Amino acid sequence: MIRPARAIEAIPETTPFIGPEQLMRETGQRMLVRLGANESAFGPSPKALEAMTSELPRLAWYGDPESLDLRDALAAKHSCAPGRIVVGSGIDDLMGLAVRAFVAPGDVALATRGTYPTFAYHVVGYGGRLLEVAYRADGTPDCDALLAAARRDKPRIVYLANPDNPSGRFIERAAIASFYEALPHDALLLLDEAYADFVDEARLLPSTFEDRLIRLRTFSKAYGMAGARIGYALSTERNVRTFQKIRLHYGINRNAQVGALASLHDDEFRSYVVEETARARDDYYKLARALGRGCIESQTNFVCIEMETPQRALAVMNELLSRGVWIRKPGAPPLDSYVRVSAGTEPMRAAFAEALRRVLAEVA
Ligand SMILES: *Cc1c(COP(=O)(O)O)cnc(C)c1O
């Protein structure tokens with residue numbers, strides 16, 4: 001009998017994300033207003049599209065396995081050596097490499113219960129022991145609780161998303177810096193900054209290159225290239241060499257490399273996306289207020305709107321889906337009584353607002 005390795009057999013079958021394509025197949029819908037995965041409604045930069053289009057005929061060639069042109073440009077952006085950067089096929093890929101590199105089977109890893117799920121997915125997949133602490137009552141990741149757990153349980157990796165998904169909350173520079181300093185120095189902080197591009201640089205943790213810090217960035221959100229699958233990690237040359245040992249050398253799509261590079265040279269587009277996203281958040285805040293609901297101030301491209309109970313949030317999400325509007329709902333308290341909606345274009349926001357008004361009138 002053919003069986004997978006015992007460690008793999010022991011992994012529970014889970015699907016961290018049910019995609020909108022699957023939901024469309026299940027519900028028989030032919031079109032969805034896609035506001036569920038924090039994809040950019042503003043698309044990729046026109047410069048990226050142009051570069052990728054003209055690169056396409058060379059699809060027969062592998063990409064540069066070192067992604068050196070892109071790493072050079074990223075090094076300039078982050079004022080560091082290219083040797084401190086490793087490119088992966090998105091943060092999800094890099095997170096897997098970090099767990100594989102630093103968490104041996106049985107080792108402890110620490111995260112916030114209900115935060116972005118891929119870290120936990122990899123920890124379980126590599127046989128680590130995942131410990132979780134709750135969010136604060138206001139939906140902010142609880143640095144004090146993480147710190148106390150880190151001191152007590154000796155994790156190899158502490159995962160923190162800042163800004164956080166699904167809450168949208170942001171922990172300011174000084175607080176993150178003192179959290180990082182206070183962590184036991186044999187724990188690695190895996191700082192997921194997928195939404196850093198929506199925050200002023202001056203509010204982010206300053207550039208710090210130490211073995212116990214890995215920062216993750218992506219072209220999936222502000223740069224609007226989620227489908228191209230490309231992101232990067234910033235850390236020390238030593239950690240980057242560790243990643244080099246285990247990463248998939250031709251794992252980066254050639255077209256994604258070219259598009260990412262072109263996007264980095266399109267500041268105008270990035271500013272446009274950041275401004276449009278802020279406008280979308282404001283619209284959602286206003287909508288929530290008009291409907292007499294709370295919402296969480298967000299530093300990302302999505303907003304959580306309060307629905308009172310988890311059951312009601314679930315019902316609202318499902319009702320919206322049946323009307324062709326796809327959003328998501330956080331899974332753990334205190335955010336599980338909220339729905340999370342991504343920043344859309346104006347017509348998408350209008351469609352969401354209209355559908356939500358109707359649904360709330362029904363799901364009373
Ligand atoms: C969207 C998201 C990711 C995924 O990034 P990819 O580069 O597309 O893999 C990672 N972390 C957080 C917090 C996210 O919201």
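In this text, all values refer to a predicted model and were calculated from it rather than measured experimentally. Indexing begins at 1, ligand by ligand and atom by atom, following the structure's order.
Figure legend: cation-pi geometry between Arg156 and Phe102 absent, as NZ or CZ is not positioned both under 6.0 Å from the six-membered ring centre and within 45° of its axis.
Residue contacts with ligand 1: Asn165 is placed with a nitrogen or oxygen under 3.5 Å of a nitrogen or oxygen of the ligand (distance criterion only). Of the polar atoms of Tyr159, none of the N or O atoms is found under 3.5 Å from an N or O of ligand 1, judged by distance alone. Any N or O atom pair closer than 3.5 Å counts here, and Asp93 shares no such pair with ligand 1.
Across Thr300, Asp192, Ile230, Asp92, heavy-atom proximity to atom 12 (C) of ligand 1 is greatest for Asp192. Ranked by closest heavy atom to atom 7 (O) of ligand 1, the top entry among Asn301, Thr218, Leu216 is Thr218.
Here Lys221 does not pair with Glu193 in a salt bridge; the nearest charged N to carboxylate O distance is not below 4.0 Å. Glu297 has no carboxylate O lying under 4.0 Å from a charged side-chain N of Arg281, or vice versa, which leaves the two without a salt bridge.
Under a hydrophobic clustering in which Ile, Leu, Val, Met, Phe, Trp and Tyr are joined whenever their side-chain heavy atoms come within less than 4.5 Å, directly or via other members, Met95 and Ile246 fall into the same cluster.
With hydrogens left out, the protein atom closest to atom 14 (C) of ligand 1 is Lys221 NZ, 3.0 Å, a heavy atom. Of the protein's non-hydrogen atoms, the one nearest atom 4 (C) of ligand 1 is Tyr116 OH, 3.2 Å. With respect to atom 15 (O) of ligand 1, the closest heavy atom belonging to the protein is Tyr195 OH, 2.6 Å. Residue, atom and distance of the protein heavy atom nearest to atom 6 (P) of ligand 1 are Ile91 N, 3.4 Å.
For the ligand labelled ligand 1, residue Phe219 lies outside the 4.0 Å heavy-atom shell. Residue contact check for ligand 1: Met95 places no non-hydrogen atom closer than 4.0 Å to it. Ligand 1 has Ala194 within reach: a non-hydrogen atom of the residue lies less than 4.0 Å from it.
Crowding of Phe269 atom CZ: a count of heavy atoms from other residues, nucleotides or ligands under 6.0 Å exceeding 12. A 6.0 Å sphere centred on CD of Glu210 holds more than 12 heavy atoms belonging to other residues, nucleotides or ligands. Annotation: Phe17, atom CZ; neighbour count of heavy atoms from other residues, nucleotides and ligands within 6.0 Å is above 12.
Not less than 6.0 angstrom separates the ring centroid of Phe170 from the ring centroid of Tyr195.
Short contacts between ligand 1 and Arg229, defined as distances under 4.0 Å to a heavy atom of the residue, involve ligand atoms 6 (P), 8 (O), 9 (O). Near Gly90, the atoms of ligand 1 lying under 4.0 angstrom from a non-hydrogen atom of the residue are 6 (P), 7 (O), 9 (O). Ligand-side atoms of ligand 1 in range of Ser220: 6 (P), 7 (O), 8 (O), range being under 4.0 angstrom from any heavy atom.
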Original post:
Yes or no on ring pair (Phe, Tyr, Trp, His ring centres under 6.0 Å) for His122 and Tyr159, after CA distance, side-chain angles and deciding distance?
Top reply: CA-CA 12 Å; His122 286 305; Tyr159 171 80; over 10 Å; no
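Relative ring orientation between Tyr284 and Phe352 is described as perpendicular, the plane-to-plane angle rising above 60° on a 0-90° scale split at 30° and 60°.
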